[in-house]
Visitor: 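This is the structure, below, for whatever I ask next.
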Protein chains: 2
Amino acid sequence: MPTEAKTAARPRHRIKISDVADALGMTKGTVSRALNGYPDIAESTRLKVHRKAEAMGYRPLAQAQGMRTGRTRTLGLVLQTDIPGAERPFLSDFLAGITQAASAENWTLTVATSAGGAAMEQTLERLVHERKSDGFILPRTRVRDGRAELLKRLEVPFVLFGRVADDSGCAWFDILGEEAMAEAVERLRVLGHRRIGFVGGAPEYNFAPLREAGFRRGLEAAGLPLDEALILRGAMLREEGARATRRLLSLEAPPTAIVFAVDLAALGAYDAARDRGLAIGRDLSVISYDGIPEGSWAQPSLTTFGVDSHLAGERLAGLLIRRIRGEAPEELRETAKARLLAGGSDGPPNLTSEDLAARISAALHDPSRPQEGE
Amino acid sequence: MPTEAKTAARPRHRIKISDVADALGMTKGTVSRALNGYPDIAESTRLKVHRKAEAMGYRPLAQAQGMRTGRTRTLGLVLQTDIPGAERPFLSDFLAGITQAASAENWTLTVATSAGGAAMEQTLERLVHERKSDGFILPRTRVRDGRAELLKRLEVPFVLFGRVADDSGCAWFDILGEEAMAEAVERLRVLGHRRIGFVGGAPEYNFAPLREAGFRRGLEAAGLPLDEALILRGAMLREEGARATRRLLSLEAPPTAIVFAVDLAALGAYDAARDRGLAIGRDLSVISYDGIPEGSWAQPSLTTFGVDSHLAGERLAGLLIRRIRGEAPEELRETAKARLLAGGSDGPPNLTSEDLAARISAALHDPSRPQEGE
DNA sequence: CTTGTTTCCGAAACCGGTTTCGGCAAGAGT
DNA sequence: ACTCTTGCCGAAACCGGTTTCGGAAACAAG
């Protein structure tokens with residue numbers, strides 16, 4: 001092995017394409033075409049080149065490739081920072097999913113943050129203009145999403161996490177929240193509930209109408225009557241959920257169970273129930289959606305549908321890479337199901353709607369109880 | 001303005017340095033040197049170039065610059081994914097802080113994830129090797145941190161979020177957790193507590209010995225006796241905190257207050273107290289550190305010290321950029337203070353240590369109470 | 001044996017910047 | 001007036017890849 005000494009790997013010198021070419025007695029152009037699968041390279045040569053490159057540990061420099069090709073094997077993710085209680089607990093898993101799928105193909109992820117609206121579009125344009133990323137993952141879609149429309153105009157590849165009203169030209173991945181909502185209704189029906197309320201999310205987000213539709217379909221499938229008075233919308237935060245719950249409970253015939261589109265809002269139901277002396281899971285059942293950790297620590301723990309953020313990140317990254325490589329957006333649409341996380345917040349109805357109304361009325365007139373928020 | 005029509009900005013053609021040079025009748029080399037402050041450019045020329053470049057909206061392409069310079073104005077952040085309950089709630093703010101400071105200087109952030117140990121070092125080396133980032137932010141420092149040692153060897157710039165035992169050659173930013181711990185002791189002393197316990201974090205993390213030292217200094221400053229039996233370590237999770245609390249409460253002379261190094265562990269104290277029929281904030285006071293949202297939703301809300309993750313991100317990004325630009329690591333060390341978030345988990349001691357012991361003993365022999373976890 | 005195709009690869013231009021080198025012109029020195 | 005600096009900028013090489021172009025060799029057809 002003494003003859004190896006001269007040709008041995010030199011300390012810390014990136015080996016470049018010309019090193020591989022020299023070792024093979026070819027030119028770098030040939031090596032490049034061989035590695036990139038050009039048709040004018042003999043099969044035997046292609047094999048030799050691949051083997052040698054592998055053996056020498058050659059890794060093309062993405063930025064050098066990008067000079068000519070305009071692409072740098074980089075995914076972009078722009079997080080919106082001005083949303084109060086948004087997706088914080090899952091971000092870490094989500095990022096892990098994205099980067100894991102990306103690095104399997106030797107791609108990387110650049111993350112930017114921005115407020116919504118015009119600032120968001122500026123940020124996207126800057127990243128495209130400076131070629132900092134070849135395409136984008138857009139989380140939290142709105143029914144009509146300005147980011148998607150902008151990127152369509154700029155002809156920049158992107159994939160949505162969540163659907164949109166007009167998904168022409170859009171690749172997307174989404175969790176079937178509507179199925180979860182329907183399943184929640186069915187679960188409550190089996191438990192014996194007949195009057196079931198619904199508290200939806202902010203209607204500008206695309207998931208909100210979908211989950212509401214899922215709830216309605218669930219009622220229908222369960223053969224339960226639909227009462228529009230039991231359907232509220234726009235609750236994204238704990239206080240908003242509490243307020244909506246109070247409204248539902250103050251009806252003449254209050255629901256014995258409520259399905260929430262958002263966990264954070266569902267936790268508000270705990271506050272409202274406490275005010276009225278109701279026990280969650282017995283006097284009032286709650287099923288929700290998101291799977292935030294706070295839900296599992298609540299007393300009783302929240303029955304909810306969890307989303308696998310890691311999986312979502314993986315799938316989105318995979319779709320985006322394929323989109324950037326040229327596949328049609330219509331071919332790049334996937335879904336996944338939410339998983340039920342059974343907790344203690346739902347159970348057989350302890351009271352009828354009438355008894356419930358009486359209990360609530362009594363509790364609100366009992367001066368020994370603490371004042372409620374609103 | 002009709003004459004403008006011909007020279008008006010053409011649709012979506014990045015303007016490059018040669019465009020600026022042509023507009024000025026100079027060569028691109030001259031423009032480049034003018035923009036980068038080379039000394040062999042006349043002041044008048046430099047001004048003209050800067051003005052024209054600004055007017056034309058010229059933005060150098062980081063990857064093209066990187067070809068020659070080896071740097072692409074990119075910060076790197078590698079998140080460790082195999083830690084159970086780590087820093088999830090703050091990640092969004094932290095990223096926002098980093099990217100905000102970075103984009104102010106036209107830098108961007110690439111995020112990778114990795115398990116710890118060897119996988120982490122591979123990930124770092126890959127990013128360096130492929131020039132995907134010019135330097136790294138390393139969160140969650142350990143007392144002896146392999147990542148820092150690796151990057152020192154590779155001569156890659158980095159900045160630590162947290163200190164390390166041997167910080168030679170290390171730039172860092174840290175929150176003064178030790179001061180917070182001392183302040184917690186002082187606060188408890190003022191409330192009237194005399195026997196105060198401490199539950200520290202896992203000793204491999206650098207913050208753990210620091211916070212313990214702060215607790216000890218706090219005791220000394222308050223003139224309170226030190227009892228080694230009241231000091232436990234290694235609690236990072238809720239169950240671990242509950243276990244540690246049970247140990248402290250089962251002492252012959254239990255503490256009337258406990259200072260925790262980590263919020264998650266402090267929430268375990270709630271579980272342990274419930275088992276023994278103790279009211280947090282009255283029978284047992286708790287002060288902790290981190291400021292996780294779960295703390296503010298606990299009953300009673302947790303008194304803790306919050307860290308400003310957004311600020312931390314900003315400062316770290318700023319330090320790293322300066323480090324990459326060549327400043328000495330010894331000049332790049334900053335600290336910030338944690339901020340007290342007063343809750344309801346601390347108050348004047350309701351019982352003496354002896355009474356507390358009696359209450360606990362009674363509760364544990366009451367068969368009507370539910371079984372405890374351990 | 002010549003001519004016309006194919007197959008396959010070398011040579012060189014190119015991407016958008018940075019940096020080195022050398023030379024012209026103005027100012028300084030004698 | 002002539003040289004010697006010095007200041008300032010143009011020309012060209014360079015970074016590490018990709019892609020175009022053209023031609024040599026191999027093969028097929030006549």
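Protein chains get the first letters and strands the later ones, always in sequence-line order, with residue 1 at the start of each.
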Visitor: Are A:Thr113 and B:Thr99 close enough that a side-chain donor and a side-chain acceptor fall under 3.5 Å?
Guide: yes
Visitor: At less than 4.0 Å, is any side-chain N or O atom of B:Arg14 found next to OP1 or OP2 of C:dG17? Yes or no.
Guide: yes
Visitor: Roughly how many Å is it from CG in A:Leu61 to P in D:dC15, rounded to a whole number?
Guide: 13 Å
Visitor: Mind running salt bridge (Lys or Arg N to Asp or Glu O under 4.0 Å) on B:Glu54 and B:Arg51 for me, showing each step along the way?
Guide: CA-CA 5 Å; B:Glu54 174 78 14; B:Arg51 263 200 271 280; over 6 Å; no
Visitor: Using whole Å, report how far OH of A:Tyr38 lies from P of C:dT6.
Guide: 22 Å
Visitor: I need the CG-C1' distance between B:Leu35 and C:dT19, as an integer number of Å.
Guide: 14 Å
Visitor: Quick one: is A:Thr45 getting a side-chain N or O under 4.0 Å of the C:dC9 phosphate, OP1 or OP2?
Guide: yes
Visitor: Please report the distance, rounded to the nearest Å, between CD1 in A:Ile41 and P in C:dT6.
Guide: 19 Å
Visitor: Please determine, for the side chain of B:Thr69, which listed nucleotide (C:dG17, D:dT18, C:dT19) has the closest atom?
Guide: C:dT19
Visitor: Between atom CG in A:Leu24 and atom P in C:dC9, what is the gap in whole Å?
Guide: 11 Å
Visitor: Can you tell me which nucleotide in D:dT19, D:dG16, C:dC9 comes closest to the side chain of B:Met67?
Guide: D:dG16
Visitor: Mark yes or no for a side-chain to base donor-acceptor pair under 3.5 Å between A:Arg131 and C:dG16, with no hydrogen or angle criteria applied.
Guide: no
Visitor: What class does the angle between the rings of A:Phe94 and A:Phe161 fall in, given that below 30° is parallel, 30 to 60° is tilted and above 60° is perpendicular?
Guide: parallel
Visitor: Is there a donor-acceptor contact under 3.5 Å linking the side chains of A:His310 and A:Glu314?
Guide: yes
Visitor: Ignoring hydrogens and angles, state whether a donor on the side chain of A:Lys132 or B:Thr108 is under 3.5 Å from an acceptor on the partner side chain.
Guide: yes
Visitor: How close or far is atom C1' of D:dT18 from atom CG of A:Asp40, stated in whole angstroms?
Guide: 13 Å
Visitor: Output the rounded distance in Å from CZ (A:Arg59) to C1' (D:dG16).
Guide: 17 Å
Visitor: Looking at C:dC9, C:dG17, D:dC9, which one has an atom nearest to any side-chain atom of B:Arg33?
Guide: D:dC9
Visitor: Can you tell me which nucleotide in C:dC8, D:dG16, D:dT19 comes closest to the side chain of A:Ser32?
Guide: D:dT19
Visitor: In whole Å, what is the span from the CZ atom of A:Arg68 to the P atom of D:dG16?
Guide: 17 Å
Visitor: Which is more 5' along DNA chain D, the nucleotide nearest A:Thr30 or the one nearest B:Lys28? Just name the residue.
Guide: B:Lys28
